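Because the structure is predicted, anything quoted here is derived from the model rather than measured. Start at 1 and go down the list; that is how both ligands and their atoms are numbered. What you see below is based on every heavy atom in this structure, not just the backbone, and it leaves out hydrogens, waters and symmetry mates. We number each residue from 1, following the sequence as shown.
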Amino acid sequence: MGLHVGIIMDGNGRWAQARGLMRTQGHREGLQAAKQIVKAASGMGIDFLTLYVFSTENWKRTVEEVGFIMDLVRQYLKAEFSFCRENHIRVRHAGDLSKLPPDVAKDIAEVCKDTEMFAGMQVILALNYGGRDEIVRAVNKALAGIAGASSASGRAIEINENVITKHLDNPDVPDPDLIIRTAGEYRTSNFLLWESAYAEYYISDKLWPDWTSADLAEAVESFQKRERRFGAVNSAIDEAGAPL
Ligand code: FPP
């Protein structure tokens, strides 16, 4: 199976500030970068690409900035549909749809439905997404199911990792292999908290609007050189513990 790459697209505001422009102009350029990265990703062995578009904390920004980002999302969903159809890209959503502006929630639900049958790369838009929020919602969904099941069987059923995983927003999407963050910050910012347990991180100093397909290729190449152990021992160490 191909890779799952998640991207924390940071630095739009700084990109604009450095040019004496409005922050919104940075988001506009950020959208152009996102389109270019989506177009490049499917040719790089990436099967799943999760983009952190808007977090559950981003509502703290000004009404104007939030409104502008929502407008960009509306435009993106309308303008990119034919590209998705031509390239068999399936669009999905992660996050709480119920708290988004109703028309945006409707547009997202429609694009997800209309691209559901495409078997190419999957682009997951994390929009009104928070890792803690996703876990809380998953636990509540699980509890609702368990309450019914345990009263029917008369036995207590406990929550375990599989139960939580099964109730995440996209339970069939594999955990991310690589998480990229731009603009030089070393934080997870509540992105894919549960799913990123064994993800490799790649931090780029470049601001998101400056990101190109070459940067994505470099990140994937750096990831492919790493050895992932998932908590186990190094495969190049023999049983006595001596390096082979
Ligand atoms: C982070 O930069 C960026 C965001 C919170 C918004 C991301 C939105 C887009 C890239 C446009 C929409 C994209 C799609 C695919 C629909 P920041 O504002 O936090 O930058 P700063 O840290 O420099 O202030």
I'd like to know whether ligand 1 has [X] as a neighbour, heavy-atom separation below 4.0 Å.
{"X": "R23", "answer": "yes"}
{"X": "G11", "answer": "yes"}
{"X": "K35", "answer": "no"}

Quick one: nearest non-hydrogen protein atom to [atom], plus distance?
{"atom": "atom 1 (C) of ligand 1", "answer": "M9 O, 3.0 Å"}
{"atom": "atom 20 (O) of ligand 1", "answer": "G13 N, 3.0 Å"}
{"atom": "atom 15 (C) of ligand 1", "answer": "A34 CB, 3.9 Å"}
{"atom": "atom 8 (C) of ligand 1", "answer": "V53 O, 3.8 Å"}
{"atom": "atom 13 (C) of ligand 1", "answer": "L31 CD1, 3.7 Å"}

Polar contacts were defined as any N/O atom of the residue lying under 3.5 Å from an N/O atom of the ligand; does this apply to [X] and ligand 1?
{"X": "D10", "result": "yes"}
{"X": "N58", "result": "no"}
{"X": "Y76", "result": "no"}
{"X": "R14", "result": "yes"}
{"X": "N12", "result": "yes"}

Should R74 and D107 be marked as a salt bridge (Lys or Arg N to Asp or Glu O under 4.0 Å) after you check the CA-CA gap, both sets of side-chain angles, and the distance that decides it?
-> CA-CA 7 Å; R74 287 182 183 95; D107 287 352; 5.5 Å; no
Answer yes if the side chains of S189 and R181 hold a donor-acceptor pair under 3.5 Å, and no otherwise.
-> yes
Give a yes-or-no answer on whether the side chains of D215 and T212 include a donor-acceptor pair shorter than 3.5 Å.
-> yes
Heavy-atom count check: over 12 atoms from other residues, nucleotides or ligands less than 6.0 Å from [X] [atom1]?
{"X": "Y198", "atom1": "OH", "result": "no"}
{"X": "K39", "atom1": "NZ", "result": "yes"}
{"X": "M22", "atom1": "CE", "result": "no"}

Over all atoms of both residues, closest heavy-atom pair of D210 and R19 = OD1-NH2, 4.1 Å
Which of the atoms of ligand 1 are close to G30, meaning less than 4.0 Å from one of its heavy atoms?
-> 10 (C)
Carboxylate-amine/guanidinium contact R92 D172, below 4.0 Å | yes
Evaluate the ring planes of Y129 and F191, with Trp represented by its six-membered ring, and classify them as parallel (under 30°), tilted (30 to 60°) or perpendicular (over 60°).
-> perpendicular
Given R61, E65, E80, which has its nearest heavy atom closest to atom 18 (O) of ligand 1?
-> R61
Among L125, L127, L207, L72, whose heavy atom sits nearest atom 11 (C) of ligand 1?
-> L72
Side-chain contact, heavy-atom cut-off 4.5 Å: R23 with F68?
-> no
Tell me, with the steps shown, if D103 and K106 meet salt bridge (Lys or Arg N to Asp or Glu O under 4.0 Å).
-> CA-CA 5 Å; D103 68 313; K106 186 168 158 272; over 6 Å; no
Structural part of M70 in contact with ligand 1, heavy atom criterion under 4.0 angstrom = neither
